[in-house]
Asker: 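Please read through the structure below; I'll follow up with questions.
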There are 2 protein chains.
Amino acid sequence: MLYTRSMARDVFSALADPTRRQVLDLLTRRERAAGELGRAFPRISQPGMSRHLRVLREAELVRVRQDRQHRFYSLRSERLAEVDVWISKYRGFWESELDSLEAYLDSTKPARSVKRDEKRK
Amino acid sequence: MLYTRSMARDVFSALADPTRRQVLDLLTRRERAAGELGRAFPRISQPGMSRHLRVLREAELVRVRQDRQHRFYSLRSERLAEVDVWISKYRGFWESELDSLEAYLDSTKPARSVKRDEKRK
DNA sequence: ACAATATATACCAAACTGGTTATACTATCA
DNA sequence: TGATAGTATAACCAGTTTGGTATATATTGT
């Protein structure tokens, strides 16, 4: 296997963590130093944030730029664009009127199987 | 916490698994019985597929309809639409020319920090 | 060179994931 | 009613993830 820049990481797995999604949200406004991102999440230790950033790096969702002793993280668009392409396959479903009708029927008269789900501890 | 229909599950976590994403892909064409989905993945056991389907159900990415002894799964659009809304926040980034320029520079002259990533075992 | 600041890694425990086999449930059929 | 088909859950296990504390590395300032 050829690793060009760093160990590849699945984008969807990287996005599965809510903290990491919040980090990306912060980066939509501007680039931020690792420490600044860490301070935005007081419940997570500095090494904890550093590892989240590493996951985002390995998923190629962010890039890093070093400036003095700071490391500034910023968004990379490529992988997010891939996710956008992926989700676009499903766009037809919520745009179709048939689907809206189905959703409506689903909300008023749920399928019998739903009862099983509720019953489950 | 109020659970309306079944235990809530994070959509992004549900999408993090490649098998589950393939299942959703199959469901874009038409609804399918659990067994049919299972047979589409010969390397996964029947209970294994059943659990994947449960995750998709709990994330409200699919609905189930019972017909005789079959359970037919089909796509639900609501959560996928939410993901689409989420990713749309980032659309500006890959549409901006500045970002393209940055991506180009990034690919020709990688940041120094990348060397660290490569060095890492 | 030393101290301070900023960030990353090592290591460990707890929690989670995804897979398996065995078993249970449910509906249909004989 | 018993057998069968379709599907779900239970119990278990190995590998991964996440979070913490302690430590290391790197850059800057004195």
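Throughout, protein chains are lettered first and strands after them, A, B, ... in sequence-line order, and every chain is numbered starting at 1. Computation of the quantities below employed the complete heavy-atom set of this structure, encompassing side-chain atoms and omitting hydrogens, waters and symmetry-equivalent molecules. What you are looking at is a predicted structure, and each value in this text was computed from that prediction instead of being measured.
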Asker: Quantify the bending of the helix from C:dA1-D:dT30 to C:dA30-D:dT1 as the angle between its end axes, each fitted on five pairs, to 10°.
Answerer: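 Helix axis angle between the two ends: 10°.
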
Asker: So which pairs with a foot in residues 39-48 of chain B pass salt bridge (Lys or Arg N to Asp or Glu O under 4.0 Å), sequence neighbours left out?
Answerer: none

Asker: Whole angstroms only, please: what is the CG-P distance between B:Asp17 and D:dT17?
Answerer: 12 Å

Asker: Run the side-chain contact (heavy atoms from CB on, under 4.5 Å) test against A:Asp17 and tell me which residues pass, sequence neighbours left out.
Answerer: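 Partners of A:Asp17 by the side-chain contact (heavy atoms from CB on, under 4.5 Å) criterion, ordered by chain and then number, come out as A:Thr19, A:Arg20, A:His52.
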
Asker: What integer distance in Å separates B:Leu56:CG from C:dT17:C1'?
Answerer: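 Rounding to the nearest Å, CG of B:Leu56 and C1' of C:dT17 are 14 Å apart.
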
Asker: Starting at CZ of B:Phe72 and ending at C1' of D:dA5, how long is that distance when rounded to a whole Å?
Answerer: 14 Å

Asker: How many angstroms lie between atom CZ of A:Arg57 and atom CG of A:Leu53, to the nearest 0.5 angstrom?
Answerer: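 Answer rounded to 0.5 Å: 7.0 Å.
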
Asker: Tell me every residue that passes side-chain contact (heavy atoms from CB on, under 4.5 Å) with B:Ser50, counting only those two or more places apart in sequence or in another chain.
Answerer: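 So B:Ser50 forms a side-chain contact (heavy atoms from CB on, under 4.5 Å) with B:Gln46.
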
Asker: side-chain contact (heavy atoms from CB on, under 4.5 Å) with B:Arg30: which residues, sequence neighbours excluded?
Answerer: B:Arg32, B:Glu36

Asker: So if you build clusters from Ile, Leu, Val, Met, Phe, Trp, Tyr with side-chain heavy-atom gaps below 4.5 Å, do B:Leu15 and A:Val55 land together?
Answerer: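 Looking at the clustering, A:Val55 is in a separate group from B:Leu15.
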
Asker: For A:His70 versus A:Phe72, what's the shortest heavy-atom pair and its separation?
Answerer: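 Heavy-atom minimum between the residues: CB-CE1, 3.6 Å.
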
Asker: How many angstroms lie between atom CG of A:Leu61 and atom OG of A:Ser77, to the nearest 0.5 angstrom?
Answerer: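 If we round to the nearest 0.5 Å, A:Leu61:CG and A:Ser77:OG are 10.5 Å apart.
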
Asker: Between C:dA6 and A:Tyr73, is there an OP1 or OP2 to side-chain N/O distance shorter than 4.0 Å?
Answerer: no

Asker: Out of D:dT27, C:dG18, D:dT7, which nucleotide sits closest to the side chain of A:Gln66?
Answerer: D:dT27

Asker: Taking side-chain hydrogen bond (donor to acceptor under 3.5 Å, both in side chains) as the definition, give me every residue that meets it alongside A:Gln22, ordered by chain and number, with sequence neighbours left out.
Answerer: none

Asker: For A:Arg51, which residues count as a salt bridge (charged side-chain N to carboxylate O under 4.0 Å, His left out) partner, sequence neighbours excluded?
Answerer: none

Asker: Any side-chain heavy atom of A:Leu24 within less than 4.5 Å of one from A:Val62?
Answerer: yes

Asker: For B:Arg21, what residues pass the salt bridge (charged side-chain N to carboxylate O under 4.0 Å, His left out) criterion, not counting sequence neighbours?
Answerer: A:Asp10

Asker: Tabulated below should be each protein N or O lying under 3.5 Å from an N or O of nucleotides 28-30 of chain C; please produce it.
Answerer:
none

Asker: Select one nucleotide: of C:dA8, C:dT17, D:dT17, the one nearest the side-chain heavy atoms of A:Ser50.
Answerer: C:dA8

Asker: What protein N or O atoms touch nucleotides 11-16 of chain D N or O atoms at under 3.5 angstrom, if any, and at what distances?
Answerer:
none

Asker: Counting only side-chain nitrogens and oxygens, does A:His70 get under 4.0 Å of the OP1 or OP2 atom of C:dT5?
Answerer: no

Asker: Restricting to side-chain contact (heavy atoms from CB on, under 4.5 Å), what partner residues turn up for B:Thr28, sequence neighbours left out?
Answerer: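 B:Thr28 satisfies side-chain contact (heavy atoms from CB on, under 4.5 Å) with A:Tyr90, A:Phe93, B:Leu75 once adjacent residues are dropped.
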
Asker: Would you jot down, in residue-number order, the residues of residues 19-47 of chain A having a non-hydrogen atom under 4.0 Å from DNA chain C?
Answerer: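 By residue number: A:Ala33, A:Ala34, A:Gly35, A:Gln46, A:Pro47.
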
Asker: Can you check whether B:His52 has a side-chain N or O nearer than 4.0 Å to OP1 or OP2 of C:dT17?
Answerer: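 Result: no.
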
Asker: Looking at B:Arg71, does any N or O in its side chain come under 4.0 Å of the phosphate oxygens OP1/OP2 on D:dA8?
Answerer: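 Affirmative; the distance criterion is met.
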
